[in-house]
Amino acid sequence: MRSLTSIRPWYLGLVTPPLAVATTLAALLTLSPPASATPVPDVPAVTAAPEAAPVASPDTSSGFSVDGASGLSANASSSLSSGADAAVVPDAVPADAVDSPAVLARAVQFKGAAFDTCQAPPLATMKAWRSSSYRAVGVYFGGRGRGCPDQQHLSRSWLASVDGMGWRVLPIFVGSQSPCVRSAAKKKVRMGSRSATQGRTEGRQAAEAAGKLGIRQGSALYLDMEAYDADNAGCARTTLAFVRAWNREVRGQGFLPGFYSSAASGVRHMEQARRAGQSDLPSVMWFARWGSGSSLYGEPTLHADAWRPHRRIHQYAGNVTETHGGRRLVVDRNTVDAPVARFKP
């Protein structure tokens with residue numbers, strides 16, 4: 001990402017008589033600071049915003065989407081940490097030093113192939129698909145922006161059963177979307193102007209929904225943020241405030257916050273924020289780039305050392321029809337080296 005340096009002109013427009021200059025210099029030479037005077041750095045005050053009411057009205061739009069939008073412009077990158085509502089998420093720690101050692105110690109790591117599909121499949125299908133090379137499944141467990149809000153099979157017992165079959169689970173939360181989301185179907189669930197407050201509220205909703213399904217602390221919960229116009233500085237600022245607040249709340253509830261988006265928009269935006277030193281960024285990066293192979297560490301929008309080790313997922317193909325064990329599904333394909341859901345003590 002190319003950064004621009006802004007040069008501001010300055011002018012000297014004062015003409016001072018010689019006598020005044022001499023008088024001023026003499027006065028300055030007689031001044032000395034008090035012995036006890038020590039510079040004190042300014043500490044910006046952080047005011048917590050009032051809690052927002054949970055947002056309801058689920059949408060019936062589609063699930064994941066991939067967009068070819070370009071990454072952040074220099075104007076957008078300059079606004080990463082500005083904005084009134086973003087101030088409720090303080091910069092307390094470096095971006096890469098955010099996860100509690102206790103939470104990390106409880107995390108369950110998975111490395112291998114995974115699929116995700118809008119509707120959690122019947123248990124008979126999950127059993128039949130054990131004949132495939134997949135060993136993990138993405139499930140849409142919560143959020144008002146889910147494409148399939150009426151999950152016919154997903155329940156606490158369903159998750160316990162697939163866990164017993166040997167499946168690993170990637171829990172996906174599709175909450176409010178960016179104000180400049182590209183998908184027409186997702187425009188119904190765009191976040192408001194107080195996005196940090198909204199992100200915190202929805203982070204709490206995600207943790208509560210996970211708990212009700214038996215997903216234990218130490219699990220990764222993945223926020224799905226569909227492709228948006230990250231070149232729009234105001235929109236990028238609002239979206240980042242939401243994501244950071246969601247991450248802070250999810251971490252505070254004992255989970256690991258993950259982030260899914262298009263490699264060319266949301267993922268590039270998070271990488272720009274990481275390079276700018278922002279705190280409260282995602283613990284795990286799930287990037288969508290279709291038709292580019294299944295590599296985890298060849299993604300050009302991410303620095304080679306970013307989100308590793310064991311913190312990446314690549315969705316490399318989508319809307320693929322597959323049949324295993326006589327059961328057919330339309331799925332997205334993923335390569336995973338990341339934490340998943342944890343169900344057992």
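Just so it is clear, the structure is predicted and the values come from calculations on it, not from any experiment.
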Counting only heavy atoms not in R130, do more than 12 fall under 6.0 Å of its CZ?
-> yes
Smallest heavy-atom separation, L213 atom then S155 atom, equals CD2-C, 3.7 Å
Kindly work out whether a path of hydrophobic side-chain contacts (I/L/V/M/F/W/Y, heavy atoms less than 4.5 Å apart) joins V336 to Y316.
-> no
Might you confirm whether atom NZ of K187 has over 12 heavy atoms from other residues, nucleotides or ligands at distances under 6.0 Å?
-> yes
Shortest non-hydrogen contact from L223 to G175?
-> CD1-N, 4.4 Å
Determine yes or no for a side-chain-to-main-chain donor-acceptor pair under 3.5 angstrom, with W286 supplying the side chain and G258 the backbone.
-> no
Atom pair CZ (F242) and OG1 (T201), whose distance is rounded to the nearest 0.5 Å | 9.0 Å
Considering all heavy atoms, the nearest G203-V250 contact | O-CG2, 3.8 Å
L296, W307: one ILVMFWY side-chain cluster at the under-4.5 Å cut-off?
-> no
Assess the side chains of E202 and S176: does a donor N or O sit below 3.5 Å from an acceptor N or O?
-> yes
May I ask you to test the V340-L170 pair for a side-chain heavy-atom distance under 4.5 Å?
-> yes
Side-chain heavy atoms under 4.5 angstrom apart, residues restricted to Ile, Leu, Val, Met, Phe, Trp, Tyr: same cluster for L154 and F255?
-> yes
Would you mind checking if R268 and E271 are paired as a salt bridge, meaning a charged N to carboxylate O distance below 4.0 Å?
-> no
Should V267 and Y228 be regarded as members of a common hydrophobic cluster, given that ILVMFWY residues are connected when their side-chain heavy atoms come within less than 4.5 Å of each other, either directly or indirectly?
-> yes
V137 versus W129: any side-chain heavy-atom pair under 4.5 Å?
-> no
Salt-bridge criterion met for D99 and R311 (N-O under 4.0 Å) = yes
Return the orientation label for the W246 and F173 ring planes: parallel under 30°, perpendicular over 60°, tilted otherwise.
-> tilted
Rounded distance (nearest 0.5 Å) linking atom CD of Q177 with atom CZ of R182 = 13.5 Å
Donor-acceptor pair, T239 side chain versus A236 backbone, under 3.5 Å?
-> no
Return yes if a side-chain donor-acceptor contact under 3.5 Å exists between S279 and R244, otherwise no.
-> yes
Among M285, Q315, M225, which one satisfies side chain to side chain contact (heavy atoms under 4.5 Å, CB included) with Y260?
-> Q315
Exercise: identify the closest heavy-atom pair between S261 and F259 = CB-CE2, 3.5 Å
Does L123 offer a backbone N or O that forms a donor-acceptor pair with the side chain of H153 under 3.5 Å?
-> no
Check whether any side-chain heavy atom of V169 lies under 4.5 Å from a side-chain heavy atom of F343, and answer yes or no.
-> yes
Walk me through it: do T321 and R328 pass the test side chain to side chain contact (heavy atoms under 4.5 Å, CB included)?
-> CA-CA 7 Å; T321 300; R328 185 174 66 179; 3.4 Å; yes
Here the gap from H310 atom NE2 to L104 atom CG, rounded to the nearest 0.5 Å, amounts to 11.5 Å
For the residue pair P282 and P257, establish whether any side-chain heavy-atom pair is separated by less than 4.5 Å.
-> no
Knowing that exactly one of M270, R274, R312, R308 qualifies, which makes a side chain to side chain contact (heavy atoms under 4.5 Å, CB included) with L302?
-> R312
Would a 4.5 Å heavy-atom cut-off, applied to side chains only, mark P309 and Y297 as touching?
-> no
Ignoring hydrogens and geometry, is there a side-chain-to-backbone donor-acceptor pair from D332 to N319 under 3.5 Å?
-> yes
Determine the minimum heavy-atom distance between A338 and V284, stating which atoms define it.
-> CB-CG1, 3.7 Å
Distance-only, no hydrogens or angles: does the R190 side chain make a donor-acceptor pair with backbone N or O of C180 under 3.5 Å?
-> no
Test item: S283 and R251 side chains (from C-beta on) under 4.5 Å apart, heavy atoms = yes
Side-chain donor/acceptor of T117 to backbone N/O of V330, under 3.5 Å = yes
Specify the closest pair of heavy atoms between A128 and R327, including all atoms of both residues, with the distance to one decimal.
-> CB-CG, 3.6 Å
Step by step, would you call S183 with E226 a side-chain hydrogen bond (donor to acceptor under 3.5 Å, both in side chains)?
-> CA-CA 7 Å; S183 167; E226 294 296 308; over 6 Å; no
Between the side chain of H314 and the main-chain N/O of T335, is any donor-acceptor distance below 3.5 Å?
-> no
Side chain of S195, backbone of T238: donor and acceptor closer than 3.5 Å?
-> yes
How long is the span from the OG atom in S292 to the CZ atom in F287, to the nearest 0.5 Å?
-> 7.5 Å
Interatomic spacing from CG in D163 to CZ in R342 - rounded to 0.5 Å | 11.5 Å
Going by distance alone, is a donor N or O of one side chain under 3.5 Å from an acceptor N or O of the other, for R333 and S294?
-> no
Are the side chains of R289 and T301 in touch, meaning some heavy atoms are under 4.5 Å apart?
-> yes
Would E249 and R200 pass as an ion pair if we require N to O under 4.0 Å?
-> no
Hey, quick one: are I313 and V108 part of the same hydrophobic cluster, counting side-chain heavy atoms closer than 4.5 Å, chains of contacts allowed?
-> yes
Is there a donor in the side chain of Y140 and an acceptor in the side chain of D224, or the other way round, less than 3.5 Å apart?
-> no
Tell me yes or no: between the side chains of Y134 and H324, is some donor less than 3.5 Å from an acceptor?
-> no
Kindly say whether C148 contributes a backbone atom to a donor-acceptor pair with the side chain of Q119 at under 3.5 angstrom?
-> no
Any side-chain heavy atom of R135 within less than 4.5 Å of one from F110?
-> yes
Reported CD-to-CD distance for the pair Q272 and Q278, which is rounded to 0.5 angstrom = 10.5 Å
Spell out, as yes or no, whether a donor-acceptor pair under 3.5 Å connects the side chain of D280 to the backbone of N247.
-> no
